[in-house]
Amino acid sequence: MSQHMISNLSPEEQIKLFPATRYMGSKSKLLEYIWQASEPFDFDTVLDLFSGSGIVSYMYKSHGKRVISNDYMAMGAVITKALIQNNSVILPTEEAEELIRCNGEIDTFVQDTFQGIYFSDEDNQFIDIVRTNIKKIDNEYKRAIAMEALIRSCTKKRPRGIFTYVGDRYNDGRKDLTKSFEEQFLDAVNLINNAVFTNRKKNRSCNEDSMQLKAKADLVYIDPPYYTPKSDNEYVRRYHFVEGLARDWEGVEIQEETKTKKFKSYPTPFSTKDGATNAFDKIFKKYSKSILIVSYSSNSLPAMDEMIALMEKYKDDVKVLPVDYKYSFGTRENTTRNEVKEYIFVGC
């Protein structure tokens with residue numbers, strides 16, 4: 001194992017190397033609170049059940065815990081394969097540069113399917129060249145780093161970083177939008193390489209339905225899609241293009257009649273209040289022998305008192321730590337909705 005992969009940084013310094021993201025629901029601003037809630041306990045293994053951007057898994061890895069990261073989105077599993085499960089492999093610059101060269105026949109799926117929707121013809125061709133070359137990489141971690149760099153490039157080159165609209169109407173002239181795809185891709189590879197380190201633990205990345213996953217851990221961190229009647233929690237709708245990239249559009253049904261060529265969202269119990277309540281009950285029951293830490297928002301349902309009651313069915317001691325937090329997502333006309341409290345529920 002390369003010596004430089006063994007981190008000499010403090011956990012706080014290591015966490016700063018995680019590639020920043022605008023991913024919806026990312027907990028980057030809440031890390032210190034999540035760690036404060038966890039630190040008093042004696043635990044070696046953590047299950048991050050809805051890992052999303054991967055930053056909470058990375059925080060626990062930085063603190064020397066053995067981490068199992070899971071997300072039902074393939075794009076979530078790509079980042080945790082690259083930075084949580086992977087302890088030592090990087091993608092050298094010369095290999096990354098080779099991925100942007102056209103060597104032989106190219107799979108033109110993006111050019112054929114998404115012409116004129118999100119990116120220029122030239123950019124679509126670039127995406128197809130890199131996609132085709134990524135499939136030829138033998139090493140699973142190099143493949144994950146390359147795919148994560150491509151996903152990151154696509155979201156960086158997209159105003160607001162989402163795929164719910166056609167064209168360029170939210171272009172605010174940010175530097176990211178003026179950089180070429182090639183620059184974005186090579187920058188992303190460099191960022192991800194710099195974040196690779198070993199905590200000398202056998203960490204794992206999973207891409208499974210949270211309700212079906214078979215895993216045990218001393219501490220289970222739960223940050224599900226929040227159900228609220230006022231806004232949707234549809235990650236697939238926002239990120240379908242990069243989710244499609246991550247899974248090579250396998251097993252998804254593109255809705256051809258839609259302008260955005262999105263595909264059908266994955267079924268989730270968190271799309272209704274009753275569904276979310278039942279899902280929490282099942283999760284708390286399933287992991288009743290583990291320390292439970294749940295991130296939750298004050299504008300979500302079930303409400304705080306219902307969440308406490310659910311947790312108390314399986315845990316003797318339930319605490320709630322409120323955190324003042326302002327969401328960065330939301331419309332400019334309705335910013336008050338984004339000033340909500342974030343709760344951290346702790347059950348032991």
Checklist line | Validation row: Val294, Ile344 side chains within 4.5 angstrom (heavy atoms) | finding: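 Result no, sub-4.5 Å side-chain heavy-atom pair not found.
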Checklist line | Student check: side-chain heavy atoms of Gln255 and Lys261 closer than 4.5 Å | finding: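 No; the side chains remain at least 4.5 Å from each other.
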Next item on the list: Show your reasoning for whether salt bridge (charged side-chain N to carboxylate O under 4.0 Å, His left out) applies to Glu98 and Arg101.
Entry: CA-CA 5 Å; Glu98 202 54 41; Arg101 296 196 179 100; 2.8 Å; yes
Less than 4.0 angstrom from a charged side-chain N to a carboxylate O is my criterion; do [X] and [Y] meet it?
X	Y	result
Asp223	Lys27	yes
Asp187	Lys156	no
Lys273	Glu306	yes
Asp317	Lys319	yes

Ignoring hydrogens and angles, tell me if any N or O in the side chain of [X] forms a donor-acceptor pair with the backbone of [Y] under 3.5 Å.
X	Y	result
Asn70	Phe50	no
Lys285	Tyr314	no
Gln14	Ser62	no
Asn86	Lys81	no
Asn193	Leu91	yes
Asn278	Asp274	yes
Tyr296	Ala303	no
Lys65	Thr45	no
Glu95	Pro92	no
Asp218	Asp42	no

Check: If you look at every heavy atom in Asp176 and Lys157, which pair is closest and at what distance?
Finding: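 Asp176 and Lys157 have their closest heavy atoms at O-CD, 3.7 Å.
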Item checked: Ring center gap for Phe181 and Phe119 short of 6.0 angstrom ->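 Yes; Phe119 has its ring centre under 6.0 Å from that of Phe181.
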Item checked: Partners meeting side chain to side chain contact (heavy atoms under 4.5 Å, CB included) with Ser290 (sequence neighbours left out) ->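 Residues passing side chain to side chain contact (heavy atoms under 4.5 Å, CB included) with Ser290: Val220, Tyr287.
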Next item on the list: List for me each residue that meets side chain to side chain contact (heavy atoms under 4.5 Å, CB included) alongside Gln115, sequence neighbours excluded, and say none if there are none.
Entry: Asp121
Ring geometry between [Y] and [X] (parallel below 30°, tilted from 30 to 60°, perpendicular above 60°):
X	Y	result
Phe163	Tyr118	perpendicular
Trp249	Phe114	tilted
Trp35	His63	parallel

Item checked: Stepwise salt bridge (charged side-chain N to carboxylate O under 4.0 Å, His left out) check, Asp44 with Arg66 -> CA-CA 6 Å; Asp44 296 316; Arg66 186 170 84 80; over 6 Å; no
Notebook entry, point to check: If you draw the axis of the six-membered ring of Phe284, does the NZ or CZ of Lys313 fall within 45° of it and under 6.0 Å from the ring centre?
Noted result: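 Because its charged atom misses either the 6.0 Å distance or the 45° angle limit, Lys313 does not stack over Phe284.
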Notebook entry, point to check: Only one of Ile129, Asn133, Ile134, Asp128 forms a side chain to side chain contact (heavy atoms under 4.5 Å, CB included) with Arg131, so which one is it?
Noted result: Asp128
Next item on the list: Report the distance from atom CZ of Phe241 to atom CD1 of Ile162, rounding to the nearest 0.5 Å.
Entry: 14.5 Å
Note to self: Assess the residue pair Tyr221 and Ser57 against the criterion (side chain to side chain contact (heavy atoms under 4.5 Å, CB included)); give the C-alpha distance rounded to whole Å, side-chain angles, the decisive distance to 0.1 Å, and a yes or no.
What the structure shows: CA-CA 9 Å; Tyr221 173 72; Ser57 288; over 6 Å; no
Margin query: More than 12 heavy atoms of other residues, nucleotides or ligands under 6.0 Å from CD of Glu122: yes or no?
Written below: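 Atom CD in Glu122 is not crowded, with 12 or fewer foreign heavy atoms closer than 6.0 Å.
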Checklist line | Full working for side chain to side chain contact (heavy atoms under 4.5 Å, CB included) between Ser88 and Val196 | finding: CA-CA 7 Å; Ser88 61; Val196 173; 5.7 Å; no
Note to self: Here's a test for you: under ring pair (Phe, Tyr, Trp, His ring centres under 6.0 Å), which of Tyr227, Tyr226, Phe280 qualifies with Phe270?
What the structure shows: Phe280
Check: Stepwise, does the salt bridge (charged side-chain N to carboxylate O under 4.0 Å, His left out) test hold for Asp248 with Lys135?
Finding: CA-CA 10 Å; Asp248 204 24; Lys135 291 178 197 179; 3.0 Å; yes
